[in-house]
Asks: 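A single structure is presented below for examination.
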2 protein chains.
Amino acid sequence: MAEEAVRWLTAEEQHAWRSFVRLHERLGGRLSRLLQAESKLSAADYAVLVNLTDAPDGRQRFLDLARSVEWEKSRMSHHIARMAKRGLVAREECPEDGRGAFVVITEEGRAAIEAAAPLHVEAVRSLFLDHVTPAELRTLARVADRVVEHLDEEPA
Amino acid sequence: MAEEAVRWLTAEEQHAWRSFVRLHERLGGRLSRLLQAESKLSAADYAVLVNLTDAPDGRQRFLDLARSVEWEKSRMSHHIARMAKRGLVAREECPEDGRGAFVVITEEGRAAIEAAAPLHVEAVRSLFLDHVTPAELRTLARVADRVVEHLDEEPA
DNA sequence: CCCATGTGATTGATGCGTCATCCAAATTAC
DNA sequence: GTAATTTGGATGACGCATCAATCACATGGG
């Protein structure tokens, strides 16, 4: 039974990792609270509505939508149920597949996202992009894509 | 009534922003699922236990603990209640402040964190740090600290 | 034609995070 | 010394995310 030596994080690594985690928590929290306060939409609502807006006729198959926002179907199902109750989207049956369903954005949903989007974009700018140089932003994107790629290759 | 021109994100900005968000969601999700599977601890549990372990006698005042992990007191209260029910920590009354409370790590909690830590550190390495160069890591940390600093200055 | 398997989606249970409210003890003001 | 305020913390309600189980329809094989 060999004692495996644990390679703990150096002070620098630890700081970087904690800072990175903190950044997302704080920035994400702030942005979603802003969105909620200004538009009565959660970040999840926003993601769904943006996707529907980009789709032809503002309608999309259930699982396609789930894949677009990278959610499990269960989460999507619960969330769409709540959004439907609030009148932001509606469910529609699918003619060519008896078990399928479409999700359609409503007038109300469209109004909500159109009101929210400019404010949200402005918030992303003023809270994040404004404080990052273009070079840094490229580095961030490059690192993010690389790490996610490895995540995909190496399944759970 | 002036039409304010919305400064939408460029394709590059949008990509960087989405990649960044995706990185945290995916990496965070993966790490916490690993932690849960290997150690029956959530990321939140882990943070609490690490802090308690670092404190003298494994005990800390309630709000100090909350500040350390950067949570609201309400969240801490709920979470400590759940952790106490699982036997990971215990509450203790505070002699010199009648309303105060200490949170103390239990034997069970200590065992849990000591088992979890090496695995978690290894996961952070293999899923993240291994794919980031030291220079990139420094950039990340620098950007994160800068953005959070601005976040702090500019309250909600 | 019928069975097996796969796929699209729902449901219920449970734990988590936030908000608003509340309470008791401590501190300050008068 | 007592009233007002602040501080430490708990509580309940609600929305959200995950997991496991379920159900209905579809499709391929025999």
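Residue numbers begin at 1 in each chain, while the letters A, B, ... track the order of the sequences.
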Asks: Can you tell which of dT18(D), dA10(D), dG8(C) lies closest to the side chain of R61(A)?
Replies: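 Side chain of R61(A) sits closest to dG8(C).
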
Asks: Without decimals, in angstroms, what is the distance between L35(B) CG and dG15(C) P?
Replies: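 These atoms are roughly 17 Å apart.
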
Asks: Surrounding CD of E107(B) (heavy atoms of other residues, nucleotides or ligands, distance under 6.0 Å), is the total greater than 12?
Replies: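 Atom CD in E107(B) is not crowded, with 12 or fewer foreign heavy atoms closer than 6.0 Å.
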
Asks: Atom NE2 of H24(A) to atom P of dG17(C): distance rounded to whole Å?
Replies: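 Taking atom P of dG17(C) as the reference, NE2 of H24(A) is at 13 Å.
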
Asks: Nearest-Å distance, NZ (K73(A)) to C1' (dC19(D))?
Replies: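 Whole-Å distance recorded here is 12 Å.
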
Asks: Parallel, tilted or perpendicular for F128(B) and W17(A), by the 30°/60° rule?
Replies: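 Tilted.
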
Asks: Do S77(A) and dT11(C) share a donor-acceptor pair, side chain to base, under 3.5 Å?
Replies: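 A donor-acceptor contact between them is absent.
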
Asks: May I ask you to decide whether D45(A) forms a salt bridge with K40(A), counting only side-chain N to carboxylate O separations under 4.0 Å?
Replies: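 The answer is no: the pair does not qualify as a salt bridge.
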
Asks: Rounded off to whole Å, could you give me the CD-to-P distance for the Q60(B) and dG9(D) pair?
Replies: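 Q60(B) atom CD is separated from dG9(D) atom P by 11 Å.
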
Asks: Polar atoms only, N or O, under 3.5 Å: list the protein pairs with nucleotides 2-5 of chain D and their distances.
Replies:
none

Asks: On the side chain of H78(A), is there an atom forming a donor-acceptor pair with the base of dG15(D) - under 3.5 Å, no angle test?
Replies: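 Result: no qualifying N/O pair found.
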
Asks: Identify whether the distance between the nearest side-chain nitrogen and carboxylate oxygen of E13(B) and R125(A) falls below 4.0 Å.
Replies: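 A salt bridge is present here (some side-chain N lies under 4.0 Å from a carboxylate O).
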
Asks: Using whole Å, report how far NZ of K40(A) lies from P of dG15(D).
Replies: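 Nearest whole value for this atom pair: 13 Å.
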
Asks: Check the distance between dG17(C)'s P and Q36(A)'s CD and give it to me in whole angstrom.
Replies: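 Distance, rounded to whole Å: 17 Å.
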
Asks: Ignoring the backbone of R33(B), work out which of dG9(D), dC19(D), dA10(D) is nearest its side chain.
Replies: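 The answer is dC19(D), which lies nearest to the side chain.
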
Asks: Is the count of non-hydrogen atoms from other residues, nucleotides or ligands lying under 6.0 Å from R7(A) atom CZ greater than 12?
Replies: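 No.
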
Asks: Check whether the side chains of H150(A) and D130(B) place a donor and an acceptor atom closer than 3.5 Å, and report yes or no.
Replies: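 D130(B) and H150(A) do not have a side-chain donor-acceptor pair below 3.5 Å.
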
Asks: Which of the following nucleotides, dG9(D), dG12(C), dT18(C), is nearest to the side chain of F62(B)?
Replies: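 My answer, after comparing the listed nucleotides, is dG9(D).
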
Asks: Considering heavy-atom distances to DNA chain D, does R67(B) or S42(A) have its closest nucleotide positioned more toward the 5' end?
Replies: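 So the residue in question is R67(B).
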
Asks: With a 4.0 Å cut-off, would you call R30(B) and E25(B) a salt bridge?
Replies: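 No salt bridge links R30(B) with E25(B).
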
Asks: Is R67(B) salt-bridged to E72(B), going by a charged N under 4.0 Å from an acidic O?
Replies: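 Here R67(B) does not pair with E72(B) in a salt bridge, since their nearest N and O are not under 4.0 Å apart.
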
Asks: Can you list, in residue-number order, the parts of residues 79-107 of chain B that come under 4.0 Å of DNA chain D, counting heavy atoms only?
Replies: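 Heavy-atom cutoff 4.0 Å gives R91(B), R99(B), G100(B), A101(B).
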
Asks: Rounded to whole angstrom units, what separation is found between the CZ atom of R75(A) and the P atom of dA9(C)?
Replies: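 Whole-Å distance recorded here is 18 Å.
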
Asks: Does R22(A) come within less than 4.0 Å of E70(B), counting only side-chain N to carboxylate O?
Replies: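 Yes, this pair counts.
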
Asks: Toward the 5' end of DNA chain C, which comes first, D45(B) or M76(A), by nearest nucleotide?
Replies: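 Comparing both residues, the 5'-ward one is M76(A).
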
Asks: Would H79(A) and R82(A) count as having a side-chain donor-acceptor pair, cut-off 3.5 Å?
Replies: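 A donor-acceptor contact under 3.5 Å links the two side chains.
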
Asks: Between C1' on dA17(D) and CD on E70(A), what's the gap in Å once rounded to a whole number?
Replies: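 Taking atom C1' of dA17(D) as the reference, CD of E70(A) is at 16 Å.
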
